[in-house]
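Read through the structure below, which is laid out as structure tokens, and then see the notes.
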Number of protein chains: 2
Amino acid sequence: MTGFKSQDEFYEAGDRVYLPHLSVDCVIFGFHENSLKVLLLKWKNGPWCLPGGFIKHKESLDQSANRTLKERTGLTEIFLKQFHAFGEPDRENGKRAKGSWIGKRFITVGYYALVEYSKVFPEPDLLSSECKWFDVNAVPDLIYDHNQIMNKALETLRLSLNDHPVGYNLLPEKFTMPQLQKLYETILGETLDRRNFQKQMIALDVLIRLNERKTGGAHKAPYLYRFDKRKYDKAMKQGLRLSF
Amino acid sequence: MTGFKSQDEFYEAGDRVYLPHLSVDCVIFGFHENSLKVLLLKWKNGPWCLPGGFIKHKESLDQSANRTLKERTGLTEIFLKQFHAFGEPDRENGKRAKGSWIGKRFITVGYYALVEYSKVFPEPDLLSSECKWFDVNAVPDLIYDHNQIMNKALETLRLSLNDHPVGYNLLPEKFTMPQLQKLYETILGETLDRRNFQKQMIALDVLIRLNERKTGGAHKAPYLYRFDKRKYDKAMKQGLRLSF
DNA sequence: TTTCATTGTGTATGATTTACACAATAGTAT
DNA sequence: ATACTATTGTGTAAATCATACACAATGAAA
């Protein structure tokens, strides 16, 4: 909602800047304390919703989604992927502001993002009072069809796990094997064998084990790893194939 | 373009019926004479393009795509799947009709369909003079970004082959194992081992071998098969897993 | 110093995938 | 009629991959 000073101004004049009937919504995933999180916004005096935005007249869908993401998280150059367009005519039942351009029917294009939790500083937008992380298993009732959109994003993420080693996008630079495994287990919603998991990850040949261990935990200190960017990019181009 | 009597009327008054800035485009795949085909339209005095349509004010995206498909092929209840939305601001460079609603920028939602070639009777629309099948390997230069849209559809189809036994949608009711294999080979763009292919297909347990053979070929007559709808549907629900 | 939860590591078994060859047959050519 | 040719139908062995599983080492906390 760049360029608007107030909510009223946005309601009245948004259609000079944005295409009518079209929006993007972002399902922003992060990983923290062994659980998968999603970033949500709370409307002023209203329900929670996915962070979204509109499409400027000379802007691509991807640019619009990136802009939304930057405004909510401060992040640029992050993993962002379109996954589905939602266009039921009644998807926004109960919409207010009937008269305004924004009260009209909207088709929304869903994107999901994978971000490093610790690098995000959630920022509400003009219309919202709060912006914060929720555990994906404890998402409240969202506005319109936003629960459905979120679930579809999660499903897409699950299905694409085997082609995209998501650790690279969701974990901090240095991480442990148990952390990486928890990430997979959280996304898949099932537990995995520790030894077999490690074997497969090592076999991908995109990880470097550092000569450091993560201390501070109450037990045996695990090794730290990082991704080998060169090998990672090469593997991505060829298309990975995992089997969980 | 239901309801319009002429091209002029459609150009002038389309925006009373359709949402602005939004369209759907359909990549309709068929299989004939051992090659994968795609159905294209030719604009009057213009280039070839994908069959597309617009979204009525109270219509969902899926309904709009289904309507387009029905109008071009006569078919209903066919396999139709949304795969991507295309929204570059310059994707329609060189567009005519600048003044009209239709001359404005459009975001298009891509669908691909799998249809039985022999059941289709291609019908041009108001704006086009021809509607016919092209081999996917011999598609002409299409308007705007339609080549890109088609390629993305093909890529999506390839990636989803292992979850959707496409034979059911693309082949006639009775077909031979070599036909089914050719279909897979054509979509994947690689050859497969004959015995291993058959083994996997049989193992899916969705095929019934008939006590008939296909005669007329110059060589040994192959058995005919058909899908066992019950088992097929059941297998679909559980999610297939092939490995080509 | 003991305890406890967690980490690091290898092998054997079963399942899956791949590679591969020869006899039967339906038309075609002679 | 006969031989020819391209294509079909079929099974097994080897290699690869996925799975199941246990014990010693360690770091912090008690």
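Naming convention: chains lettered A, B, ... in sequence-line order (proteins, then strands); numbering from 1 in each chain.
Atom-to-atom, CG of A/Asn196 to P of C/dG10 comes out at 14 Å; the value is rounded to the nearest Å. One can place NZ of B/Lys214 at 17 Å from C1' of D/dG9, the figure rounded to the nearest angstrom. Atom P of nucleotide C/dC20 and atom CG of B/Leu192 are separated by 15 Å, given to the nearest angstrom. Spacing between atom CD of B/Gln181 and atom P of D/dT7 amounts to 13 Å, rounded to whole angstrom units. Going from atom CD of B/Gln198 over to atom P of D/dT7 covers 17 Å, rounded to whole Å. In this structure, B/Phe197 atom CZ and C/dC20 atom C1' are separated by 19 Å, rounded to whole Å. Taking atom CE on A/Met201 and atom P on D/dC17, their separation rounds to 16 Å, with Å as the unit. Going from atom CZ of A/Arg195 over to atom P of C/dA12 covers 14 Å, rounded to whole Å.
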Q. What string of B, S and - do you get for nucleotides 22-30 of chain C, 5' to 3', if B is base contact, S is sugar-phosphate-only contact and - is no contact with any protein heavy atom under 4.0 Å?
A. --BBBB---
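For the pair A/Arg226 (side chain) and A/Ile208 (backbone), a donor-acceptor distance under 3.5 Å is absent.
Between B/Lys229 and B/Asp233 there is a salt bridge, since a side-chain N of the basic residue sits under 4.0 Å from a carboxylate O of the acidic one.
Under a cut-off of 6.0 angstrom, the local environment of NZ in A/Lys70 is sparse, with at most 12 non-hydrogen atoms contributed by other residues, nucleotides or ligands.
Figure legend: B/Lys132 and B/Phe134 shown as a cation-pi pair, the cationic atom lying under 6.0 angstrom from the six-membered ring centre and within 45 degrees of its axis.
The base of C/dT11 is paired with the side chain of A/Lys199 by a donor and an acceptor separated by under 3.5 Å.
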Considering only distance and modelled atom types, tabulate donor-acceptor pairs under 3.5 Å from the side chains of residues 109-117 of chain B, sequence neighbours left out.
residue  : atom : partner  : partner atom : Å
B/Tyr111 : OH   : B/Asp62  : N            : 3.2
B/Tyr111 : OH   : B/Asp62  : OD1          : 2.4
B/Tyr112 : OH   : B/Ser160 : OG           : 3.2
B/Glu116 : OE2  : B/Ser118 : OG           : 3.3

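Residue B/Thr176 is the one, among A/Asp193 and B/Thr176, whose nearest nucleotide of DNA chain D lies closer to the 5' end (criterion: closest heavy atom).
Between A/Leu171 and A/Leu183, some side-chain heavy-atom pair lies under the 4.5 Å cut-off.
Terminal axes of the helix from C/dT1-D/dA30 to C/dT30-D/dA1 (five pairs each, C1' rotation axis) are separated by 10°, to the nearest 10°.
Across all non-hydrogen atoms, the minimal contact from A/Leu40 to A/Pro140 is CD1-CD, 3.8 Å.
No donor-acceptor contact under 3.5 angstrom links the side chains of A/Arg209 and A/Tyr225, judged on distance only.
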Q: Applying side-chain contact (heavy atoms from CB on, under 4.5 Å), run through A/Leu180 and A/Met177 and close with a yes or a no.
A: CA-CA 5 Å; A/Leu180 185 60; A/Met177 194 59 72; 4.2 Å; yes
